Q: 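Got a structure for you, written out below as structure tokens; questions coming shortly.
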Amino acid sequence: MQYAVPRGTKDILPADSFVWQKIEAACRKIFALYNYMEIRTPIFESTELFTRSIGKTTDIVGKEMYTFEDRKGRSLTLRPEETAPVVRACLENNLIGPDLLTKLYYIGPMFRYERPQAGRQRQFHQAGVEVFGSNDPLLDAEVIILNLQLLSEIGLKDLEVDINSVGCTKCRPAYRKKLSEYLKDNIKHMCADCQERFINNPLRVLDCKETKCQKYIENAPASSEVLCEECKTHFEKVVGWLDGLMVRYKVNNRLVRGLDYYTKTTFEIVSSKLGAQNAVSGGGRYDGLVEELGGKPTPAVGFAIGLERVIEIMTNDKYQILPAGRQVTNEGRIIIYFATIGEEAKKIGFDMLQKARSRGVSADMDYLGKSLKAQMKVADRAGAQYVYIIGDDEIKKQSAILRNMQTSDQQDMSFDRLFDELKI
RNA sequence: GCGGCCUUGGUGUAGAGGCAACACAGCAGAUUGUGGUUCUGUUGUCAGGGGUUCAAUUCCCCUAGGCCGCCCCA
């Protein structure tokens, strides 16, 4: 084989694209129900946008970005996530403002340079929403509910919502300090990664799965103990709304997401039906990001769903939500197939073919000079409801054979009556 | 970036240091102007490179890719 797709990328072939179409349709439907409008931004942005928003010490910025220089030496980066580009676009086009609630959604590819494995590719797809302009805890709850409704619309079950509050610019430094003080005495017993994290971003130590670190993490001060009054009441209200709406969730004090812009609420939806990469979606509030990127202070919430992970669950044989691949011969692709024998018939067939198409009737014919038998077979596989068979005799009569492929009935049907008779 | 497993026709699978097998799909024919059944024929040199050997697709090494775990995240 001469060429192969770049590592960590995949072709979505005709046999699989119907799954993607189904998911995208579900996303658009649910987003519309909640009054979100679509935004599309470029695949690449200036590198600065991401380093500023996501944070220099994060893994994404530190080692996962596809960054390159263009011909004029500008540093550009293939978007690793979509929140920062959406904020940028909103600021640039004045989409957000005081007393204005802006609700946007997106669907598209993202890029991160990571070691590929199940549920993790270098080009992957996310669908997500961003809401700007309100700090109402009910909105946090609504976004979570929207997320859940979308996943259940797609057909996913047995999902778990993990939720936490990481505080705000007022209380996070205090928590960081408290955590650092606690870790200072214990860090020497913890793993090498944690020692690194301790220096760069102590919060992320809480995320460590290393067994020898667990006991220290368990005893670490929880963020909930240190939240300021505002963050504390905000969090209580969010979970209060979730309780009232009968949403099942789990407060997880160790949920620290890998992007620095989050404030207050963070959440993740995980599925037990996935392997190590078990997060189907994740999101939270980021009240400081708009200002960080040059706008007026504007509260915001959002989430992103990992579409490959959704599809992994949907197409997993064990769960039977959708059959995996191999749907090339899905029935009903075309209404009528024009089978022709000879050059003259081909010419007439093509005229009729175009006439059918111009009337909005999907139709096709042979371009490979196949035998009639083979043309019938192709028509069958394309799911044609009718085949119109044109040969020399038919040209003389100006009337050809119309075969109903379901019933196998055949009748003579003159050229000029065909479309009226079929009511197409 | 680290560790483990894997890589055979279009697809899914056998196999053994020295004729590469099976199923399905595809194409053609049986039915010389007709599909979905049946039968027949046909499509590969075993990811790429190097080494061991009289001989490797089968053993060893490297590279690439896939999968699984760590890390991280969607």
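By convention in this document, chain letters (A, B, ...) are assigned in the order of the sequence lines, proteins followed by strands, and residues within each chain are numbered from 1. Please read these numbers as outputs of a predicted model, since none were measured by experiment.
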Q: Mind checking whether Phe31(A) and Tyr36(A) have parallel, tilted or perpendicular rings, split at 30° and 60°?
A: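 Rings of Phe31(A) and Tyr36(A): tilted, 30 to 60°.
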Q: Between Phe338(A) and Phe419(A), how do the two ring planes meet: parallel, tilted or perpendicular, split at 30° and 60°?
A: tilted
Q: Consider the side chain of Leu372(A), meaning its heavy atoms from C-beta on, and name the nucleotide among U34(B), G36(B), C70(B) that approaches it most closely.
A: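 Of the options given, the side chain of Leu372(A) lies nearest U34(B).
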Q: Would the base of C67(B) count as contacting Arg120(A) through its side chain, where contact means a donor and an acceptor less than 3.5 Å apart?
A: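 For Arg120(A), whose side chain was compared with the base of C67(B), there is no donor-acceptor pair (under 3.5 Å).
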Q: Under the 3.5 Å rule, do the base of G36(B) and the side chain of Asp380(A) count as making a donor-acceptor pair?
A: no
Q: Give me the distance, rounded to whole Å, that separates A56(B) from C46(B) when you measure between the C1' atoms they each carry.
A: 11 Å
Q: Between Lys373(A) and G35(B), is there a contact of a side-chain N or O with OP1 or OP2 at under 4.0 Å?
A: yes
Q: Consider the side chain of Asp393(A), meaning its heavy atoms from C-beta on, and name the nucleotide among G33(B), G35(B), C72(B) that approaches it most closely.
A: G33(B)
Q: Given that Arg115(A) and Gly391(A) both sit by RNA chain B, which one's nearest nucleotide is further toward the 5' end?
A: Arg115(A)
Q: Under 4.0 Å: is that the gap between some side-chain N or O of Arg381(A) and OP1 or OP2 of C27(B)?
A: yes
Q: For U34(B), does the base pair up with any side-chain atom of Gln410(A) as donor and acceptor (N or O, under 3.5 Å, distance only)?
A: yes
Q: Determine the contact category for Glu394(A): base if any of its heavy atoms lies under 4.0 Å from a base atom, sugar-phosphate if only primed atoms, P, OP1 or OP2 are that close, otherwise nothing.
A: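 Result for Glu394(A) = base.
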Q: Quick one: which of C72(B), A28(B), C68(B) gets closest to the side chain of Ala118(A)?
A: C68(B)
Q: Is there a side-chain contact between Arg7(A) and the phosphate of G66(B), meaning an N or O under 4.0 Å from OP1 or OP2?
A: yes
Q: Rounded to the Å, how far apart are Gln406(A) CD and G36(B) P?
A: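 To the nearest whole Å, that distance equals 15 Å.
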Q: Looking only at atom types and distance, does a side-chain atom of Tyr106(A) sit under 3.5 Å from a main-chain N or O of Glu130(A), one as donor and one as acceptor?
A: no
Q: How far does the P atom of U7(B) sit from the matching atom of C60(B), given to the nearest Å?
A: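 Result for the P pair: 12 Å, nearest Å.
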Q: For U40(B) versus U31(B), give the span between their P atoms, rounded off to a whole number of Å.
A: 15 Å
Q: Any side-chain N or O of Gln117(A) under 4.0 Å from OP1/OP2 of G66(B)?
A: no
Q: Between Arg52(A) and Asp260(A), does any side-chain N to carboxylate O distance fall below 4.0 Å?
A: no
Q: Would you call the rings of Tyr367(A) and Phe350(A) parallel, tilted or perpendicular, where under 30° means parallel and over 60° means perpendicular?
A: perpendicular
Q: Base, sugar-phosphate, or nothing for Gly119(A), non-hydrogen atoms under 4.0 angstrom?
A: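 Touches a base.
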Q: So Ala379(A), base contact, sugar-phosphate only, or nothing? Heavy-atom distance under 4.0 Å.
A: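 Ala379(A): no heavy atom of the nucleic acid under 4.0 Å.
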